[in-house]
Amino acid sequence: MNNKIKNYVNVLFNDVPKTRKAAELKEEILSNLMEHFDAHVAEGKSENQAYTEALADLGDIDELLSSLAPERELKPRIDAYKERKARNTSIAVMMYIFGVIILTGFPAISAIFGLGNEDKAGIIGFILMLLCVAAATGLIVYTKMSVPTDVEPYLASKDNDNDFKNKKNPGFWQSLSKLYWLSVTIIFLLVSFSTGKWYITWIIWLIASAVWQAINLFSNNQNDDSE
């Protein structure tokens with residue numbers, strides 16, 4: 001019966017924007033229904049009777065659901081923040097990717113065209129990559145921390161970009177995560193054992209983390225656009 005109540009609440013919120021405010025109201029309604037259902041069962045009523053009366057106790061919630069929509073004057077501020085978030089996310093993704101390109105490209109260019117010392121080129125590429133990663137991460141943190149207080153309740157309810165339960169297909173993302181990091185581990189071990197340069201191969205983990213962060217940013221940005 002608990003699942004039946006949960007399904008009922010899920011249907012109520014099918015067409016409601018997935019915001020923090022909506023999530024809080026949904027949890028509150030679900031909790032109230034559960035409490036009323038348990039109370040009616042404790043009175044000796046059957047589960048079906050308790051379910052029906054719990055719904056009757058809930059009453060008309062159309063007004064509550066309509067209150068979840070932002071006020072007209074607030075909508076431009078919400079849209080402006082979403083646009084800024086999408087822009088900053090895209091820039092951060094490009095910076096992560098660009099950092100990896102710099103790391104691998106500087107030594108390659110040096111070796112191919114004989115420009116300077118290859119080792120020095122690698123060190124310069126590594127430093128520039130760290131700068132790109134730091135700048136991209138700073139941009140992400142700034143974007144999250146600069147959410148206007150009155151806008152935050154109306155944003156998508158996603159507390160963490162890496163929280164698989166908030167993705168549309170959590171099973172797929174969990175499997176992808178396991179496969180990705182297993183592949184990274186295998187590559188790290190193969191490269192380390194074959195070259196013996198353990199002092200530098202740890203960079204593989206840094207590159208892998210930057211790539212995975214870029215994937216997560218891109219996927220969450222796509223989910224935001226579809227909501």
Side-chain angles (χ1 to χ4, degrees), residues 1-86 88-89 140-177 213 215-227:
M1 189 59 69
N2 285 348
N3 288 334
K4 188 174 181 180
I5 293 175
K6 289 179 181 178
N7 289 336
Y8 173 79
V9 175
N10 286 336
V11 170
L12 282 179
F13 283 80
N14 266 348
D15 299 324
V16 175
K18 294 177 176 60
T19 64
R20 289 182 177 86
K21 191 174 181 180
E24 290 170 0
L25 179 60
K26 183 178 180 180
E27 190 63 31
E28 182 181 346
I29 290 175
L30 180 59
S31 177
N32 287 338
L33 279 176
M34 292 290 191
E35 288 178 6
H36 283 278
F37 173 79
D38 291 338
H40 289 307
V41 169
E43 292 171 358
K45 297 175 181 176
S46 68
E47 288 193 347
N48 287 332
Q49 287 178 318
Y51 173 75
T52 302
E53 294 196 17
L55 296 186
D57 294 339
L58 183 62
D60 186 7
I61 63 168
D62 289 342
E63 187 174 342
L64 280 175
L65 294 179
S66 62
S67 70
L68 295 174
E71 298 177 3
R72 183 175 299 178
E73 60 270 18
L74 189 59
K75 194 173 186 305
R77 286 168 54 79
I78 297 173
D79 292 339
Y81 175 77
K82 286 185 176 180
E83 183 179 349
R84 177 157 58 91
K85 180 184 176 184
N88 290 353
T89 298
I140 294 168
V141 172
Y142 166 75
T143 303
K144 286 187 175 182
M145 293 183 67
S146 63
V147 183
T149 305
D150 54 348
V151 169
E152 186 174 7
Y154 297 99
L155 298 178
S157 180
K158 291 177 182 176
D159 296 325
N160 193 318
D161 290 331
N162 295 316
D163 190 358
F164 295 118
K165 68 182 180 182
N166 288 324
K167 293 184 182 294
K168 290 186 175 180
N169 192 343
F172 166 77
W173 282 97
Q174 287 175 344
S175 299
L176 178 62
S177 175
Q213 180 71 5
I215 292 171
N216 270 281
L217 284 171
F218 178 77
S219 66
N220 281 312
N221 193 48
Q222 291 294 105
N223 287 342
D224 283 342
D225 291 341
S226 64
E227 289 177 351

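Annotation: side-chain hydrogen bond (donor to acceptor under 3.5 Å, both in side chains) contacts of S146 (sequence neighbours excluded): R84. Under the rule for a side-chain hydrogen bond (donor to acceptor under 3.5 Å, both in side chains), the partners of Q49 that lie at least two apart in sequence or sit in another chain are S46.
Contact check for L33 versus Y8: side-chain heavy atoms found under the 4.5 Å cut-off. Counting heavy atoms from C-beta on, the side chains of D57 and H40 come closer than 4.5 Å. Side-chain contact between L30 and I5: present, with at least one pair of heavy atoms (C-beta onward) separated by less than 4.5 Å. Contact of the E53 side chain with the F37 side chain is not registered, since no non-hydrogen atoms from C-beta on lie closer than 4.5 Å.
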| Can you check side chain to side chain contact (heavy atoms under 4.5 Å, CB included) on N10 and K26, steps first, answer last? | CA-CA 8 Å; N10 286 336; K26 183 178 180 180; 2.8 Å; yes

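The two residues K144 and Y81 make their nearest non-hydrogen contact at CA-OH, 4.1 Å.
With rounding to the nearest 0.5 angstrom, the CD atom of E83 is 10.5 Å from the CG atom of N88.
A salt bridge (charged side-chain N to carboxylate O under 4.0 Å, His left out) check over residues 32-43, counting only residues at least two apart or in different chains, returns the pairs E43-K45.
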